[in-house]
2 protein chains.
Amino acid sequence: MTPLYDVLVRCICTSHRRTCTTYSWQVAAEKLTRETVVERALDLADREGLDAVTIRRLAGELGVTPMALYWHVKNKDELLLAMADHAIDLVAARSRPGEPWDVRLRAMVEALVDAMRRYPCLPVLLGHVDKTRAESFRRATDTALDVLAEAGFTLAEGYLIASHLLVGVAELVKNIPAVPAGMTDAEAAECARQARLRLEMLPADRYPNLVAYAPALTAPPDPDAYLAFGLDLLLSGVEAQAARLADPAQPRYGTTP
Amino acid sequence: MTPLYDVLVRCICTSHRRTCTTYSWQVAAEKLTRETVVERALDLADREGLDAVTIRRLAGELGVTPMALYWHVKNKDELLLAMADHAIDLVAARSRPGEPWDVRLRAMVEALVDAMRRYPCLPVLLGHVDKTRAESFRRATDTALDVLAEAGFTLAEGYLIASHLLVGVAELVKNIPAVPAGMTDAEAAECARQARLRLEMLPADRYPNLVAYAPALTAPPDPDAYLAFGLDLLLSGVEAQAARLADPAQPRYGTTP
DNA sequence: ACCTGAACACCGTTCAAGT
DNA sequence: ACCTGAACACCGTTCAAGT
């Protein structure tokens, strides 16, 4: 542990690294960074579900020892937070000032939908992080509060609406009716048939509506009509409240700014 | 390991047990049942959060070996499912046939709110179970579909609305502004002050609305106004859609029954 | 029928040590 | 600065065995 030894080792190390990076088999092990850790974690979660994202498993995927990750990320909670932060990053940007509040709000919600379709793990990921600690959530929430204030809502009301829209969109995208990626038409049909049978096997006297719903499951899914209806449902609630609260006699939640 | 030894041990044991049950310190170990397992798990989750519900931890709480639980419950997933099932049990019952659809729907939603306030772990628990596998969910969904069909929705629309209301209420109750149980007024005030400071410490140029929202946090929380606004928001969306879809020219999601 | 004990393959995380 | 190795205290679950 003399300085000389230290310097010597350091030299060997850097020169070793310099030569190695020229070989292709070393490219994968090419100096870990926090960004690649987070992106690889998102990738893993999208492919195999959030449960597959494990410090040890992720480390294996990156060709590195589990404890190596702790250099780039404080702990698993921070990893999940960084994943959500990274996935939601583009949402705040898509508000268009100048437009009326309802089209601005719809644009934001559609940006949310896009983010969740781009990162399928995002809806369930949202349930595992403290949203107030993520930077991109704060940005998105702040611009949402801006839009909603323009609609006449108090800040407290706007805050509630913002988180309501967030989980509403998450639930919507989670249940989006689509053939799972990498499934042939035949497999998808078989899948739908089994889902239908599961419903039809229920006792019809106790669950008449669920049983009646079963045939609809064999029809080809229509994600666009589904999303259109879901988004209208979410947004029309906000619009209805905005209209109702335009009457100053109505009781409010929170003080008007 | 002779038969004689076997019988001998058995005698000692049963007589031991028979005497023991007369002592009060043995009452807790009084024959485990699936119901007490589930209820104890709910209790544990309510007190210390869902993460505290662990097979081993729960077994310890029940004064029993971890593997004993596997006799009453197939695995942890089934335990979580049974917990949700038990907590949501009373909801379907609270629909009042004869009333118009919107008051029936509101009654169901309010029953949901009650269940979630009774079992604080329920909102997060819902994120960890497959709702289609729980009996009381199916019952509640079926009666909801009944109510929503009366409102003119298709079954597909009704199904979407039902799950939308479920997660909407869950999010609402999760964020309910109330002084946490077992906290003095002084502690609650300190808690609010810190929440306010956390917001006010944010850079005001990037998050102007969040910073402006901070002072509202020091005001005493008003759970009733919060819930009233949240429920109105949820339900007015459904009502607005019902009104819009009364026009037969409007596009629909799913076929009308 | 109901419960225990030992064992297996997994976790997240710490801490000292290497290079 | 960045990564490894060994260790700790925890998981869920199986399987054979006890009573």
Side-chain angles (χ1 to χ4, degrees), chain A residues 1-21 26 28-37 41 44 48-82 128, chain B residues 1-21 26 28-37 41 44 48-82 128:
Chain A
M1 210 60 88
T2 72
L4 180 59
Y5 169 79
D6 204 344
V7 167
L8 200 64
V9 167
R10 202 174 288 239
C11 276
I12 295 170
C13 234
T14 46
S15 79
H16 175 70
R17 182 169 288 160
R18 205 182 298 135
T19 31
C20 279
T21 48
Q26 262 285 356
E30 179 102 16
K31 188 77 158 309
L32 208 53
T33 124
R34 179 184 162 103
E35 212 189 358
T36 67
V37 169
L44 181 56
E48 307 196 26
L50 194 59
D51 286 343
V53 177
T54 256
I55 295 286
R56 294 174 121 102
R57 168 81 191 273
L58 182 58
E61 209 101 337
L62 289 161
V64 101
T65 243
M67 307 74 190
L69 300 191
Y70 283 92
W71 182 262
H72 301 95
V73 118
K74 199 163 121 267
N75 53 27
K76 195 179 173 185
D77 265 13
E78 205 200 77
L79 173 64
L80 294 178
L81 191 71
H128 292 262
Chain B
M1 211 63 87
T2 72
L4 179 60
Y5 168 80
D6 203 345
V7 169
L8 197 67
V9 168
R10 200 176 289 236
C11 278
I12 295 170
C13 235
T14 45
S15 78
H16 175 68
R17 183 169 288 160
R18 203 181 301 131
T19 31
C20 279
T21 47
Q26 261 285 356
E30 179 101 16
K31 189 76 158 307
L32 208 53
T33 124
R34 179 184 162 103
E35 211 189 358
T36 68
V37 169
L44 181 55
E48 307 195 28
L50 194 59
D51 286 343
V53 177
T54 255
I55 295 286
R56 293 173 121 102
R57 169 80 191 273
L58 182 58
E61 208 101 337
L62 289 161
V64 100
T65 244
M67 307 74 189
L69 301 192
Y70 284 92
W71 183 262
H72 301 97
V73 119
K74 199 163 121 267
N75 52 28
K76 195 179 174 184
D77 264 13
E78 205 200 78
L79 173 64
L80 294 178
L81 191 70
H128 292 263

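These values consider heavy atoms only, across backbone and side chains, with no hydrogens, waters or symmetry-generated copies. All values derive from a computational prediction rather than experimental measurement.
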Counterpart base for C:dC10, defined by Watson-Crick or G-U wobble contacts under 3.5 Å: none
Listed nucleotide nearest any side-chain atom of B:W71, set D:dG12, C:dG12, C:dC2: C:dC2
What distance separates B:R34 CZ from B:L79 CG, expressed to the nearest 0.5 Å? 8.5 Å
My understanding is that a pair needs two contacts under 3.5 Å, Watson-Crick or G-U wobble. By that rule, which nucleotide pairs with C:dT4? D:dA16
For atom CZ of A:R34 and atom P of D:dC2, their distance in whole Å: 13 Å
Calculate the interatomic distance between A:L58 atom CG and D:dC3 atom P; express it in whole Å. 13 Å
Looking only at C:dC11, C:dT13, C:dT4, the nucleotide nearest the A:M67 side chain is C:dT13
Distance check needed: D:dT13 P versus B:K74 NZ, whole Å only. 9 Å
Whole Å only: how far is the CG atom of B:N75 from the C1' atom of D:dT14? 12 Å
Minimum-distance nucleotide (side-chain atoms of A:I55 versus C:dG12, C:dT14, C:dA1): C:dG12
Would you mind telling me which of C:dT4, C:dC11, D:dC3 lies closest to the side-chain atoms of A:R57? C:dC11
Starting at atom OH of B:Y70, determine the distance to atom P of C:dG5, rounded to an integer number of angstrom. 17 Å
Spacing of A:L32 atom CG relative to C:dT19 atom P, expressed in whole Å: 20 Å
Could you tell me the separation between the CG atom of B:D77 and the C1' atom of D:dC11, rounded to a whole number of Å? 14 Å
Given atom CZ of A:R56 and atom C1' of C:dT13, what is their separation to the nearest angstrom? 9 Å
